[in-house]
Amino acid sequence: MSDEYESVLLVIRECYVYKIPPRTSSREYKASEWGDMEAFLWKGRLRVISVGKKCFIKLEDGTTGELFAQCLYDPDTNTVEPVRDSSRYFVLRIEDDGRHAFIGMGFQERSEAFDFQVALQDHVKHLKIERESAEYSKKTLQQPKKDYSLKEGQTIRLNIGNRNTRHVDSISKHSNINNGCVDESTKTVPLLPPPPSTASIRKRQSMLVAAQNIQSSSPNDFSDFSDFTSYTDSSNPETFL
């Protein structure tokens, strides 16, 4: 008993079989030469089955499942041929006990004929994928395996960035900022001082108001305010701007 499993690719409930005249030349078959299409030879179910690498087209009784005829599909031969004058009819090469014959087969709907052709094409594609996969596996096994292990005495040295250089550059830039200057090579801008606190602003504003009041009341007498004058001379005049 074979270990290959059977896979059903397509089932069409109704198809028609016709007796066809023998081919007299190499030209394609024509369904119009088969005579009256209502006078079919047999009517029943069609199944497309794959078993391993083989594909069978089985014509069976729709009720009992009894086999009427079977076609072993081979894409490289003329086992299945479409006719020239219709998309719904085909010619099948059937075999029985070493004998073979050609019969006509047709479907009522064009969509069924289309599905029939697609099922056969899918089988061929599946075989192609299997063949390519087997060839690739064989080619891979034949290639010598590369040895990436370290030999005796070999070592690995890893250089992870320029950490020391970055640290030195950071220290140099920080030094330039603290000195209040710009390094032309690094283009580092010195940091600005923080804004004055609210208490400092209020103190400066009250001092300015007091000075303005004194000047407006006695503009020529500053003898009693020598301490304030001394304070303003020693302080930065920009603080009152």
Side-chain angles (χ1 to χ4, degrees), residues 1-35 37 39-62 64-143:
M1 183 175 180
S2 177
D3 295 333
E4 296 176 332
Y5 66 91
E6 180 179 294
S7 176
V8 179
L9 305 181
L10 177 68
V11 176
I12 296 179
R13 293 183 178 181
E14 197 169 74
C15 69
Y16 299 84
V17 172
Y18 299 90
K19 183 178 180 180
I20 62 175
R23 177 184 286 180
T24 58
S25 64
S26 60
R27 65 184 180 88
E28 298 174 329
Y29 288 100
K30 295 178 67 175
S32 59
E33 298 176 349
W34 297 352
M37 307 308 291
F40 50 84
L41 180 65
W42 178 87
K43 179 178 73 171
R45 180 180 64 192
L46 177 142
R47 289 199 306 156
V48 179
I49 299 174
S50 68
V51 181
K53 295 182 179 180
K54 296 180 179 181
C55 180
F56 297 94
I57 302 170
K58 294 179 176 288
L59 305 178
E60 303 169 337
D61 186 275
T64 63
E66 182 182 359
L67 181 65
F68 170 75
Q70 176 175 278
C71 171
L72 176 59
Y73 176 63
D74 184 359
D76 297 328
T77 62
N78 61 342
T79 52
V80 178
E81 292 186 60
V83 299
R84 181 178 181 182
D85 55 348
S86 177
S87 61
R88 293 183 297 176
Y89 295 92
F90 302 85
V91 175
L92 306 183
R93 184 180 186 272
I94 60 175
E95 295 183 0
D96 182 24
D97 295 334
R99 298 175 299 175
H100 71 273
F102 292 92
I103 60 173
M105 182 192 68
F107 303 99
Q108 285 187 338
E109 303 295 336
R110 287 186 172 85
S111 59
E112 295 174 338
F114 176 78
D115 293 341
F116 174 67
Q117 295 186 79
V118 170
L120 299 180
Q121 292 172 3
D122 287 344
H123 172 73
V124 175
K125 290 179 181 179
H126 180 71
L127 293 180
K128 181 180 179 182
I129 292 174
E130 285 189 341
R131 183 173 61 255
E132 292 177 350
S133 178
E135 291 176 355
Y136 177 78
S137 300
K138 183 178 179 180
K139 183 178 180 181
T140 303
L141 293 175
Q142 290 177 350
Q143 292 179 351

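The residues of the chain are indexed from 1 along the displayed sequence. Computed from a prediction, not measured in an experiment: that's the story for all the values here. Computed from heavy atoms alone, side chains included, the values below leave out hydrogens, waters and symmetry copies.
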Undergrad: Would a 4.5 Å heavy-atom cut-off, applied to side chains only, mark Leu9 and Asp122 as touching?
TA: no

Undergrad: Just how far is it from atom CD1 of Ile94 to atom CG of Leu59, taken to the nearest 0.5 Å?
TA: 8.0 Å

Undergrad: Can you tell me if Ser50 uses its side chain to pair, donor with acceptor, with the backbone of Cys55 under 3.5 Å?
TA: no

Undergrad: Sub-3.5 Å donor-acceptor pair from the side chain of Asp85 to the main-chain atoms of Ser32, do we have one?
TA: yes

Undergrad: Salt bridge or not for Arg93 and Glu95, using N-O below 4.0 Å?
TA: yes

Undergrad: Do Asp74 and Thr79 pair up side chain to side chain, a donor and an acceptor below 3.5 Å, judged on atom types alone?
TA: no

Undergrad: With rounding to the nearest 0.5 Å, note down the distance linking NZ in Lys125 to CD in Glu130.
TA: 15.0 Å

Undergrad: Do we get Arg23 above Tyr29's six-membered ring, with its NZ or CZ under 6.0 Å from the centre and within 45° of the axis?
TA: yes

Undergrad: Within a 6.0 Å radius of atom CD on Glu6, are there more than 12 heavy atoms belonging to other residues, nucleotides or ligands?
TA: yes

Undergrad: Can you give me the closest heavy-atom contact between Ala113 and Ser87, atom names plus distance?
TA: CB-O, 3.2 Å

Undergrad: Report the distance from atom SG of Cys71 to atom CG of Leu92, rounding to the nearest 0.5 Å.
TA: 5.0 Å

Undergrad: Quick one: are Leu120 and Pro75 in side-chain contact, heavy atoms under 4.5 Å?
TA: no

Undergrad: Mind checking whether Leu41 and Tyr16 have side chains closer than 4.5 Å, heavy atoms only?
TA: no

Undergrad: Less than 4.5 Å apart, side chain to side chain, heavy atoms only: is that true for Lys19 and Trp34?
TA: no

Undergrad: Is a donor on one side and an acceptor on the other found under 3.5 Å between the side chain of Asp96 and the backbone of Arg99?
TA: no

Undergrad: Any heavy-atom pair between the side chains of Met37 and Tyr18 that's under 4.5 Å?
TA: yes

Undergrad: Do Val83 and Phe90 make a side-chain contact, defined as non-hydrogen atoms from C-beta onward lying under 4.5 Å apart?
TA: no

Undergrad: Looking at side-chain heavy atoms only, is the closest gap between Ile20 and Phe102 below 4.5 Å?
TA: yes

Undergrad: Can a donor-acceptor pair be found, under 3.5 Å and without considering hydrogens, that links the side chain of Arg88 to the backbone of Gln108?
TA: yes

Undergrad: Does the pair Phe116 and Met105 meet the rule for a side chain to side chain contact (heavy atoms under 4.5 Å, CB included), with working shown?
TA: CA-CA 11 Å; Phe116 174 67; Met105 182 192 68; 4.0 Å; yes

Undergrad: Using a strict 4.0 Å threshold on nitrogen-to-oxygen distance, state whether Glu14 and Arg45 make a salt bridge.
TA: no

Undergrad: Taking the side chain as everything from C-beta on, heavy atoms only, tell me whether Ile49 gets closer than 4.5 Å to Ile57.
TA: no

